[in-house]
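Side chains included, hydrogens not; waters and symmetry mates left out as well; all remaining heavy atoms used. Just so it is clear: chains get the letters A, B, ... in the order the sequence lines come, proteins before strands, and each one is counted from 1.
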There are 2 protein chains.
Amino acid sequence: MKESLRPGGRSARVQAAVHAAVRDLLRDRARSELTIPAIATRAGVTPSTLYRRWGSLQDLLADVAVERMRPEGDPDDTGSVRGDLEEWLEQYIEEMTSVPGRAMTRDVLGCTGAAPRQCAAFLRRQIEVIAARGAARGEPALDVDAVVDLVVAPVMYRLLFDTAPVDPAWWRGLLARVVPPAG
Amino acid sequence: MKESLRPGGRSARVQAAVHAAVRDLLRDRARSELTIPAIATRAGVTPSTLYRRWGSLQDLLADVAVERMRPEGDPDDTGSVRGDLEEWLEQYIEEMTSVPGRAMTRDVLGCTGAAPRQCAAFLRRQIEVIAARGAARGEPALDVDAVVDLVVAPVMYRLLFDTAPVDPAWWRGLLARVVPPAG
DNA sequence: CCACTAACGCAAAATATTCGCGTTAGTGGG
DNA sequence: CCCACTAACGCGAATATTTTGCGTTAGTGG
């Protein structure tokens with residue numbers, strides 16, 4: 001994430017070790033035990049390195065969360081825009097409904113940097129890929145803004161402001177408002 | 001916020017003093033200077049009181065933010081559901097677009113308690129009031145869920161994930177999807 | 001191979017957090 | 001009104017964390 005002036009060798013190793021340490025501790029230990037000194041010990045570096053490089057635990061967590069939210073590839077191709085969106089949303093919601101998933105989003109929002117914008121960009125990009133594939137197939141144009149505003153945003157709102165699980169019928173209904181069911 | 005077992009006298013005074021101290025410091029000082037000891041000094045109490053009662057700075061800030069977001073009264077009555085919503089949204093967005101406004105929402109989301117749910121409840125309640133007034137006037141029923149999902153959620157998404165100002169034409173367009181413009 | 005310097009390690013100093021214990025002051029019963 | 005009870009607070013010691021100065025290490029570019 002950090003556009004380091006010196007991205008090579010040691011810096012990269014330290015960053016990888018720290019990220020791995022955060023992911024490990026985030027899995028094993030309670031959140032209240034997730035402290036900078038603990039992460040530093042696990043990563044084999046001194047705390048001051050983390051303070052200097054990330055500034056605070058919040059910003060470090062946001063950095064790690066952004067990396068975990070970065071898509072590893074394009075959304076699955078199901079043969080139709082509607083199918084692609086449905087598949088992609090289902091996976092996204094499943095990942096983000098879990099307690100650690102919700103925590104990740106909050107970590108992103110709790111930082112001082114550009115993590116939130118980056119995250120939103122990831123989501124939008126995935127939708128754009130789906131839209132582009134649909135266009136190539138000759139399907140009617142997908143309104144990406146509408147998907148963000150009328151589907152992604154309500155889902156995110158639920159995830160952030162409510163602890164209840166997200167009803168599949170509900171978000172499929174949202175999707176149907178933007179993209180008519182295939183077939 | 002705290003459903004104290006003993007809400008009277010001293011406890012209430014301490015809470016009021018602490019909330020006031022947070023609001024003051026939040027206005028005067030930079031956010032990085034907003035620390036528990038600083039708040040305690042300003043409020044005239046010892047830090048340990050804050051730690052015992054609120055647990056952490058995050059939870060204290062969330063508590064204060066919830067109080068600031070609690071509506072002070074019903075939305076203005078403009079004579080129509082559409083007008084009420086427009087007026088209410090305009091005020092809400094204006095308040096929340098500012099840097100401290102956005103910070104408030106993030107404070108709410110960064111806590112461990114029920115602040116987010118409480119906040120969402122506030123918003124929903126306001127919309128319900130508008131809906132009830134409309135019903136009493138004989139207007140067509142307002143779908144409160146639709147307002148939350150298709151208007152409030154997208155606005156919140158923008159506020160949280162983007163730093164750009166919110167375009168009035170855009171959110172009025174969202175509103176028009178749910179409530180046709182008043183004739 | 002060398003000069004340059006970003007990034008790191010280390011340790012001391014400054015701050016923040018936790019905890020035990022005594023005290024204060026709401027609360028409820030007589 | 002008075003008293004017993006105890007939640008909530010104050011204080012200070014003990015811990016834990018964050019910050020900072022300075023020497024060292026190791027990428028980077030010539």
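Shown here are the side chain to side chain contact (heavy atoms under 4.5 Å, CB included) partners of A/Ala21, two or more places apart in sequence or in another chain: A/Ile39, A/Arg42, A/Ala43. By the side chain to side chain donor-acceptor pair (under 3.5 Å) test, B/Thr41 pairs with no residue at all, sequence neighbours left out. Considering only residues two or more places apart in sequence or on other chains, A/Glu95 meets the side chain to side chain contact (heavy atoms under 4.5 Å, CB included) condition with none of them. Under the side chain to side chain donor-acceptor pair (under 3.5 Å) criterion, A/Arg133 pairs with A/Asp84, not counting sequence neighbours. For A/Ala115, the side chain to side chain contact (heavy atoms under 4.5 Å, CB included) partners two or more places apart in sequence, or in a different chain, are A/Ala62, A/Val66, A/Val108, A/Cys111. Judged as a side chain to side chain donor-acceptor pair (under 3.5 Å), and not counting sequence neighbours, B/Asp162 has no contacts. Among residues two or more places apart in sequence or in another chain, the side chain to side chain donor-acceptor pair (under 3.5 Å) test is passed with A/Glu139 by A/Arg137.
Remark: DNA chain C forms stems of 3 or more consecutive Watson-Crick or G-U wobble pairs, all pair distances under 3.5 Å, at C:1-30 with D:1-30.
For B/Thr46, a side-chain nitrogen or oxygen approaches OP1 or OP2 of D/dG10 to under 4.0 Å. Put simply, B/Arg13 has a side-chain N or O that comes within less than 4.0 Å of OP1 or OP2 on C/dG26.
When rounded to the nearest whole Å, the span between CD of A/Glu33 and C1' of C/dT18 equals 15 Å. Spacing between atom CG of B/Leu34 and atom C1' of C/dA16 amounts to 14 Å, rounded to whole angstrom units. With rounding to whole Å, B/Gln15 atom CD is found 10 Å from D/dC9 atom P. Computed from coordinates, the B/Ile39 CD1 to C/dT15 P distance equals 17 Å when rounded to whole Å. Following rounding to the nearest Å, B/Leu60 (CG) and C/dA16 (P) show an atom-to-atom distance of 15 Å.
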Polar atom pairs between nucleotides 18-22 of chain D and protein, under 3.5 Å, N or O only, would you list them?
unit_1, atom_1, unit_2, atom_2, d
D/dT18, OP2, A/Tyr51, OH, 2.9
D/dT18, O5', A/Tyr51, OH, 2.5
D/dG21, O6, A/Arg52, NH2, 2.2

Distances under 3.5 Å between nitrogen or oxygen atoms of protein and nucleotides 22-24 of chain C:
unit_1, atom_1, unit_2, atom_2, d
C/dT24, O2, B/Arg10, NH2, 2.9

Name every donor-acceptor pair, under 3.5 Å, that has one atom in a side chain of residues 142-149 of chain B and the other anywhere in the protein, sequence neighbours excluded.
unit_1, atom_1, unit_2, atom_2, d
B/Asp143, OD1, B/Asp145, N, 3.2
B/Asp143, OD1, B/Ala146, N, 3.2
B/Asp145, OD1, B/Arg124, NH2, 2.1
B/Asp149, OD2, A/Trp170, NE1, 3.0

Run the side-chain hydrogen bond (donor to acceptor under 3.5 Å, both in side chains) test on B/Asp76 and B/Trp88 for me, step by step, so that the C-alpha distance in whole Å, both residues' side-chain angles and the decisive distance to 0.1 Å come before the verdict. CA-CA 7 Å; B/Asp76 290 346; B/Trp88 172 72; over 6 Å; no
Evaluation steps, salt bridge (Lys or Arg N to Asp or Glu O under 4.0 Å), between A/Asp63 and A/Arg68: CA-CA 9 Å; A/Asp63 186 33; A/Arg68 297 184 75 171; over 6 Å; no
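Listed by first then second residue, pairs satisfying ring-ring contact (aromatic ring centres under 6.0 Å, His included) with a partner in residues 141-167 of chain A read A/Tyr157-A/Phe161, not counting sequence neighbours.
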